[in-house]
Amino acid sequence: MEAKEWKEKLLTNKKNGYDLMPAEEREAMDRYCQGYKAFLDAGKTERECVQEGIRLAEEKGFRPYVRGMELKSGDKVYLDNRGKMLMLAVIGQKSLAEGAQITAAHIDSPRLDLKPSPLYEESEMAYLKTHYYGGIRKYQWVTIPLELRGIVALKDGKTVKVAIGEGDEPKLVINDLLPHLGREQSKKTLAEGIGGEQLNLLVGTEPLAGEEKDRVKLAVMKLLYEKYGFTEDDFISAELEAVPATNASDIGLDRSMIGAYGHDDRVCGYAALKALLDLDEVPGKTSVCVLADKEEIGSVGVSGMLTAAFDTFMEDLCDSQNVPVRVCLEKSFCLSADVTAAFDPNFGDVYEKRNASFLNYGVGLCKYTGSGGKGGASDASAELVAYARRIFDENGVIWQMAELGKVDAGGGGTVACYMANRNIDTLDAGVPVLAMHAPFEVVAKLDCYMTYKGMMAVYKN
Ligand code: MN
Ligand code: MN
């Protein structure tokens with residue numbers, strides 16, 4: 001054989017996804033991405049993602065799961081865990097004793113939560129204090145329009161839904177210092193330039209007529225009371241999140257990318273959900289999709305991936321077939337669907353180019369995540385990675401191997417280790433993202449669509 005043939009036979013040949021994707025898939029990709037953008041605009045908090053997920057699922061015939069209900073092959077059910085985590089299943093042809101095909105993504109994203117006592121007035125300007133949620137770069141959240149979304153739980157048991165800043169509504173903002181007076185601030189590091197206690201949302205300046213103290217604060221509280229019926233004390237039992245007031249949009253003159261808030265990890269969450277909803281026949285094994293909360297702060301709590309709510313859901317499904325849940329889990333496969341860092345030539349020195357993921361090279365498979373020598377990674381087995389390679393290739397999924405940055409540059413984790421701890425064979429895969437955790441993140445449409453196809457391949461195998 002000539003060297004050229006040896007090369008083709010022996011060496012890796014990475015190709016841009018646009019050189020691999022059949023032309024007829026183009027339309028399906030664009031249609032898929034339209035749906036994804038609509039999902040992002042409807043779901044800017046984990047609660048809203050659950051609501052939108054349920055709406056889409058019910059359109060496709062999914063019913064709320066009720067403990068003890070009879071389940072037969074082809075049945076489609078969902079369980080809403082406290083409004084912040086959604087689990088869905090399509091009962092397969094085979095017994096759960098043969099395991100389930102699971103996808104697990106998260107629908108919480110970094111943001112600014114209001115503090116329990118947020119409202120104050122200073123120099124006749126009213127502000128709301130925030131406590132950031134997840135790993136944000138604080139300097140990125142100033143001087144951008146923000147909106148407030150969430151709920152206020154009242155003492156009488158009622159819940160008020162709050163959405164301020166949609167469409168033509170007024171926005172909120174956190175101000176930064178002008179460069180003219182920023183000499184000292186500019187000497188600080190990026191991490192220190194804006195402090196956590198400076199992330200205060202400007203919410204008003206017009207005082208209420210009268211002689212009282214803090215009349216601007218009072219005027220703001222009056223507006224909130226008139227619109228939503230809650231008082232200052234009710235902030236204590238509220239979950240209000242300041243999120244970027246920007247909708248998803250195409251990026252690039254060629255429209256090849258999507259820019260939005262919350263790609264991490266709604267881009268995988270939507271792929272996992274949509275593939276389940278689009279199953280055109282009853283899968284062999286039962287397909288399960290988990291959209292978890294709290295990943296950005298450690299997957300803890302009743303709605304995070306560590307919650308027993310997942311085990312209970314699986315146990316309930318297994319009970320309906322008289323299968324011990326431990327038998328099901330040890331035979332199950334889980335694709336932990338979470339984003340990875342796309343190579344960014346503007347910051348090339350933190351990536352290791354031979355193992356980095358690239359835009360338009362498809363869904364990124366990660367054998368391990370973690371930091372400081374795979375710390376915190378579940379490190380999938382070689383056999384499991386081989387299985388994923390096979391099912392992706394067999395199903396026309398364009399994929400790439402992905403490692404998040406240089407060995408000593410940093411790192412990050414996903415829900416994979418929590419699924420693997422349950423004795424479920426688990427592998428990470430997800431969409432490469434530019435500017436992850438920023439108020440406006442960028443992904444490639446081709447990678448989004450291939451992640452959807454990858455999830456479909458998981459359910460069908
Ligand atoms: Mn994530
Ligand atoms: Mn994240």
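Every number for a ligand or one of its atoms is a count from 1 in the order of the listing.
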Within a reach of under 6.0 Å around OH of Tyr228, are more than 12 heavy atoms found that belong to other residues, nucleotides or ligands? yes
Name of the Glu296 atom (N/O/S only) found closest to the Mn ion (ligand 2): OE2
Would you please name every residue forming a ring pair (Phe, Tyr, Trp, His ring centres under 6.0 Å) with Tyr139, sequence neighbours left out? none
Is the Mn ion (ligand 1) under 2.8 Å from any N, O or S atom of Cys268? no
Output the atom name for the N/O/S atom of Asp264 with the smallest distance to the Mn ion (ligand 2). OD2
Would you say Val397 and Val363 make side-chain contact, with heavy atoms under 4.5 Å? yes
What's the verdict on salt bridge (Lys or Arg N to Asp or Glu O under 4.0 Å) for Glu58 and Lys60, showing C-alpha distance, side-chain angles and the deciding distance? CA-CA 5 Å; Glu58 287 188 339; Lys60 295 285 189 126; over 6 Å; no
His106 near the Mn ion (ligand 2) via N/O/S, less than 2.8 Å: no
Within-4.5 Å side-chain heavy-atom neighbours: Ile54 and Asp80: yes
Under 2.8 Å from the Mn ion (ligand 1), can any N, O or S atom of Asp265 be found? no
So which N/O/S atom does Asp338 have closest to the Mn ion (ligand 1)? OD1
